[in-house]
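Following: one structure in structure tokens, then a few remarks.
Lettering follows sequence order; numbering is per chain, from 1. Remember, it's a predicted structure, so these values are computed and weren't measured experimentally.
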There are 2 protein chains.
Amino acid sequence: MRVSREQAEKNRAAVIDVASRMFRGRGFDGVGIADIMKAAGLTHGGFYGQFESKEQLEAEASRAAFARTWKRWQGALAAEPDAPLQAVASFYLTKAHRDHPETGCAFAALAGDAARSGPDVKAEFESGLESKVALLEEALISSGASPEEARTRALATVSTLVGALVLARAVNDKSLGEEILASAAAVVPDG
Amino acid sequence: MRVSREQAEKNRAAVIDVASRMFRGRGFDGVGIADIMKAAGLTHGGFYGQFESKEQLEAEASRAAFARTWKRWQGALAAEPDAPLQAVASFYLTKAHRDHPETGCAFAALAGDAARSGPDVKAEFESGLESKVALLEEALISSGASPEEARTRALATVSTLVGALVLARAVNDKSLGEEILASAAAVVPDG
DNA sequence: ATTATCTATAGATCTATAGATAATGC
DNA sequence: ATTATCTATAGATCTATAGATAATGC
């Protein structure tokens, strides 16, 4: 049941894509390799021809999630260049984002898991963070901020956004969750 | 090998205490019941005489963690009543806290896990959050803030603190972690 | 001939339970 | 007699690997 080299590459990419969603939805420890391969339409045993280990897939799936969400951030910033922090906050701090971790921010979904993971996963979180912070910094500098102020505001804003989403997901009360998101949006300055 | 009712109650409390640290250190899914019971000096099988399920222990261990850290917050606020947000930020956003999740804030350590847990765990996270927010609100109102402003600032500050700690733990680069913590401290207002 | 994927399984977990044991508390 | 804890195990996972299979790519 061998497939073409092209198809094999597509299969590998599909595994990463499926894993990226499943990991965000259920956590690294909440999904098994058999689950992922089945969802990608392949068999469990085929996994180790594509990846060295589950941890390698965790890293690659995180990278893929960051690449996707980076584009979303970039689009929002391009559409509203004069208020970059509000631009990001307004799509980030939403009920839809809270209710759909599997397609949302990998920091909010997996940073706790990454904190307990090995250096390969953390390396992806590190570059994922730096690349988002770089987007915000650039936009803030264009809006007239100093480089130092831009970096501080960018880092702190990401912390506020991620913290608010994580907390909003950890409570039962939906309206409390929305209050958390709204309070975070209220303190994000207009850049 | 039966023990006195008093000792049995102490054993149960010890299991909760040990679990509260181990869960914060390794996540709910990263620790087994056998691990916890062994660390508490008991046998695996004894667990189900003390608790209905692992999830019940997760909820009780979370509650215990919140009770402990609530006291820390209260102490910091009592010591510095005029700058409540800075008071909390200055012990929360530290290298020591980043490097010791097992004795630190359960939001930062476990909110991602809680988001995927059942309603009993989420209920503890909800009341754990409300009780910390209540402390901050009260202090901010004493410092002259309106009730609405106090609540918004309290919720947003907790989001920023938790987000910064979670992100600082998810990267390899220690100095980047410290930069994240410092940027969060810089944007927390003086109350 | 090479190799992507398959079936099947090893070996190590995990939660939860059944039944035995022995000390407490009536 | 009751009950807190113990030993032992069922049954369901999980990661990872071994070896077979069959289509690609030389």
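Salt-bridge check for Arg151(B) with Glu179(A): passed, with a basic side-chain N closer than 4.0 Å to an acidic carboxylate O.
Of the candidate nucleotides dG25(D), dT15(C), dT5(C), dT15(C) has the atom lying nearest to any side-chain atom of Lys54(B). Here the side chain of Arg2(A) is nearest to one of dG25(C), dA16(C), dA22(D), namely dA22(D). Side-chain proximity of Asn11(B) to dT5(D), dG25(C), dC6(C): nearest is dT5(D). In the set dT15(D), dT5(D), dT15(C), dT15(C) carries the atom at the smallest distance from any side-chain atom of His44(B). Relative to the side chain of Ser53(B), the nucleotides dT24(C), dA16(C), dT15(D) differ in distance, and dA16(C) lies closest. Taking every side-chain heavy atom of Leu42(B) into account, dC6(D) is the closest of dC6(D), dT5(C), dA16(C). Each of dA16(C), dA16(D), dT5(C) was ranked by its minimum atom distance to the side chain of Val3(A); first place goes to dT5(C).
Between Leu165(B) and Leu161(B), every side-chain heavy-atom pair lies at or beyond the 4.5 Å cut-off.
Between the side chain of Arg153(A) and the backbone N or O of Leu85(A), no donor-acceptor pair lies under 3.5 Å.
Counted by atom type alone, Thr43(B) and Lys38(B) present zero donor-acceptor pairs between their side chains at under 3.5 Å.
Under the Watson-Crick or G-U wobble criterion, with both distances below 3.5 Å, dT24(D) is paired with dA1(C). dG19(C): Watson-Crick or G-U partner is dC6(D), with both key distances under 3.5 Å.
If you measure from atom CD of Glu9(B) to atom C1' of dT3(D), you get 14 Å, rounded to the nearest angstrom.
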